Amino acid sequence: MENKYRFKFILIIILAILNLLGLAYLHFNPFQPAPKPQESEAPVESVPAESPVPEETEPAESTQPVEAVVIPSVMQWVHDRAADRPQPEPEPEPEPEPSAPAVWYDSWADDSYQRLISRQRPIDASYEPADLVKTSAYSDYPEYLRQDAAWYLEEMFKAAEADGVKLLLIDGYRSYTEQRSLYNTYVQRYSSSTIATMDCWPGASEHQLGLAVDLGDRLRSCNLRICFDSTTVSSWLREHAWEYGWIERYPYGKTDITGIAYSPWHYRFVGTDLAKELHDSGLTMEEYFAE
Ligand SMILES: [Zn+2]
């Protein structure tokens, strides 16, 4: 190449580079002042409240140089692109701990502590609890109960004793045969209307479950009579028996529901959870387990 053409070629290259630099300066001038904030973004405090004549603000469009518009546009574009990018997966919400299942009581199984027994829901004549034990709770005769019922009854007797209350265990487990003998005795003694609401029917007595007791006062006043409910022993039982899993099973005013006459001496072991629920709600087992 001749020197003349080589010079022209270099000159064209230099001019092109200068042109590009000029364009770059126009678009990315780092010394360009920041764009004036919009009227609405201006902090309220910037205008003193006592200022009598606030300065007139000039329209934003008139003072904004072209370059000032370009940079926010580029920033907006960058921002939009960033928005298009796949966002990182948000941390998955931890699955909630499965709440404890509501306590479910089996009111039908013969060996359930919550077995609901009545003349409508009798128990088989052959049923005998497998875990009967002789209880050490104070009684005149040897009395038997299912193991847990016996343990909780003994704890209750100890607590009552500590409070100066002298409980007496009158009756605990009764086999079907014993229950039938009792029923035959009652039939001789009471009218049929009285018998109808007595807890004496073979196959329908909680005593056959090994989960029921008749309680009394060691002073022997009013035992197995309605006036038992005015003794301090009865008051103590109404306040504390539920803490040991025992409930007053045939309360006053509930004969239409339970089918059994008011029996303030008859207590039933249902376990501490259900005893608390029944105590707090005031419901009978029939009401609690109503369909
Ligand atoms: Zn009883």
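None of the values given here were measured: they were computed from a predicted structure. Remember, it's 1-based here, ligands and their atoms both numbered in the order they're listed.
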Task: ring-ring contact (aromatic ring centres under 6.0 Å, His included) partners for His207, two or more places apart - done: His266

TODO: Step through the shown structure and confirm whether more than 12 heavy atoms of other residues, nucleotides or ligands are within 6.0 Å of OH on Tyr152.
DONE: no

- [ ] Look at atom CD of Glu287 and say whether more than 12 heavy atoms of other residues, nucleotides or ligands are closer to it than 6.0 Å.
- [x] yes

Task: Geometric class of the Tyr183/Trp201 ring pair [parallel <30°, tilted 30-60°, perpendicular >60°] - done: tilted

N/O donor to acceptor pairs below 3.5 angstrom from side-chain atoms of residues 270-278, sequence neighbours left out:
residue	atom	partner	partner atom	Å
Lys276	NZ	Asp280	OD2	2.6
Glu277	OE1	Tyr288	OH	2.8
Glu277	OE2	Tyr105	OH	2.9

Task: Any residue meeting disulfide bond (SG atoms under 2.5 Å apart) with Cys200, in chain and number order, not counting sequence neighbours - done: none

Task: Distance criterion under 2.8 Å: protein N/O/S atoms around the Zn ion (ligand 1) - done: 3

